[in-house]
Peer 1: 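One structure, pasted below without further comment.
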Amino acid sequence: MANFRMDDRIEFVTCTTVEDEDGIKKEEVEVAYTCWANRLNMSNSEFTKSYTTFNKYLISFRVRYCKFTKSLEFNTKNYKVRYKNQILNIISALDYKNAHKYVDVKVEVSLWI
């Protein structure tokens, strides 16, 4: 069994748009789940392939398998990841080696921020 160093804190959040009493719309962020994660670095070839295919930079996080992360595979559009105060869209969440120990969460980073 591989051990991974979980030393990055990430939050799974839901984002909703609300309108205040003046009619101004703003985005409200609510934390659904917080956990430790292992950020997986991409090689140069993976980065190039990812960028040329999607025109986006992808980051992968490995988190422990639990009730919440188990349900992410089919609910990726309902949640986003907050990492270092940046909100990132979830692309996929897959069970690592189908062992029910870890989940790999891929997120996209906008390069135009």
Peer 1: Looking at Y102, I'd like to know if the NZ or CZ of R64 sits under 6.0 Å from its six-membered ring centre while staying within 45 degrees of the ring's axis.
Peer 2: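 Not flagged: R64 not positioned over aromatic ring of Y102.
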Peer 1: Measuring only between side-chain heavy atoms, which start at C-beta, is Y83 closer than 4.5 Å to F61?
Peer 2: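 When only atoms from C-beta onward are counted, F61 and Y83 do touch, with a gap below 4.5 Å.
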Peer 1: Indicate yes or no for a side-chain donor-acceptor contact from T76 to the backbone of E73 under 3.5 Å, with no hydrogens or angles considered.
Peer 2: no
Peer 1: Is any side-chain heavy atom of I59 closer than 4.5 Å to a side-chain heavy atom of V109?
Peer 2: yes
Peer 1: Look at the side-chain heavy atoms of Ile, Leu, Val, Met, Phe, Trp and Tyr, link any pair under 4.5 Å apart, and say whether V29 and V31 land in one connected group.
Peer 2: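 Yes: a chain of side-chain contacts under 4.5 Å links V29 to V31.
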Peer 1: Is there a side-chain contact (heavy atoms from CB on, under 4.5 Å) between V63 and I10? Walk through the geometry before answering.
Peer 2: CA-CA 9 Å; V63 297; I10 63 170; 3.7 Å; yes
Peer 1: Minimum heavy-atom separation for V18 to E28, with atom names?
Peer 2: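 The answer is CG2-OE1, 3.9 Å.
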Peer 1: Rounded at 0.5 Å granularity, tell me how far CG in N38 sits from CZ in R62.
Peer 2: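 Rounded to the nearest 0.5 Å, the CG-CZ separation comes to 6.5 Å.
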Peer 1: Show, in sequence, the C-alpha distance, side-chain angles and deciding distance for V105 and S92, and conclude whether the side-chain contact (heavy atoms from CB on, under 4.5 Å) test is met.
Peer 2: CA-CA 6 Å; V105 180; S92 69; over 6 Å; no
Peer 1: Do any pairs count as a side-chain hydrogen bond (donor to acceptor under 3.5 Å, both in side chains) and have a residue in residues 10-25, sequence neighbours left out, and if so which ones?
Peer 2: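 Listed by first then second residue: E11-R82.
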Peer 1: Could you measure the distance from the NZ atom of K77 to the CG atom of N89? Nearest 0.5 Å is fine.
Peer 2: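 Separation between the atoms: 7.0 Å.
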Peer 1: With a 4.5 Å heavy-atom cut-off, do V81 and I87 have their side chains touching?
Peer 2: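 The answer is no; the side chains never approach within 4.5 Å.
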Peer 1: Is Y65 close to K70 at the side-chain level, that is, under 4.5 Å between some pair of heavy atoms?
Peer 2: yes
Peer 1: Do L40 and D104 come within less than 4.5 Å of each other through their side chains, counting heavy atoms only?
Peer 2: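 Side chain of L40 against side chain of D104, heavy atoms only: contact under 4.5 Å found.
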Peer 1: How far does OH of Y96 sit from OG1 of T69, to the nearest 0.5 angstrom?
Peer 2: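 Result: 15.0 Å between the selected atoms.
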Peer 1: Mind checking the CE-SG spacing from M6 to C35? Nearest 0.5 Å is all I need.
Peer 2: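 Interatomic distance, M6 CE to C35 SG, rounded to 0.5 Å: 8.0 Å.
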Peer 1: Considering only heavy atoms from C-beta outward, does the side chain of F68 approach that of Y79 to under 4.5 Å?
Peer 2: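 Side chain of F68 against side chain of Y79, heavy atoms only: contact under 4.5 Å found.
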Peer 1: Roughly how far, to the nearest 0.5 Å, is CG of L58 from NZ of K106?
Peer 2: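 Reported value, rounded in 0.5 Å steps: 7.0 Å.
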Peer 1: I'd like to check F12 versus T34 (side-chain heavy atoms, cut-off strictly below 4.5 Å). Are they in contact?
Peer 2: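 Answer no - side chains too far apart.
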Peer 1: Under a 4.0 Å N-O cut-off, is there an ion pair linking D8 with R39?
Peer 2: no
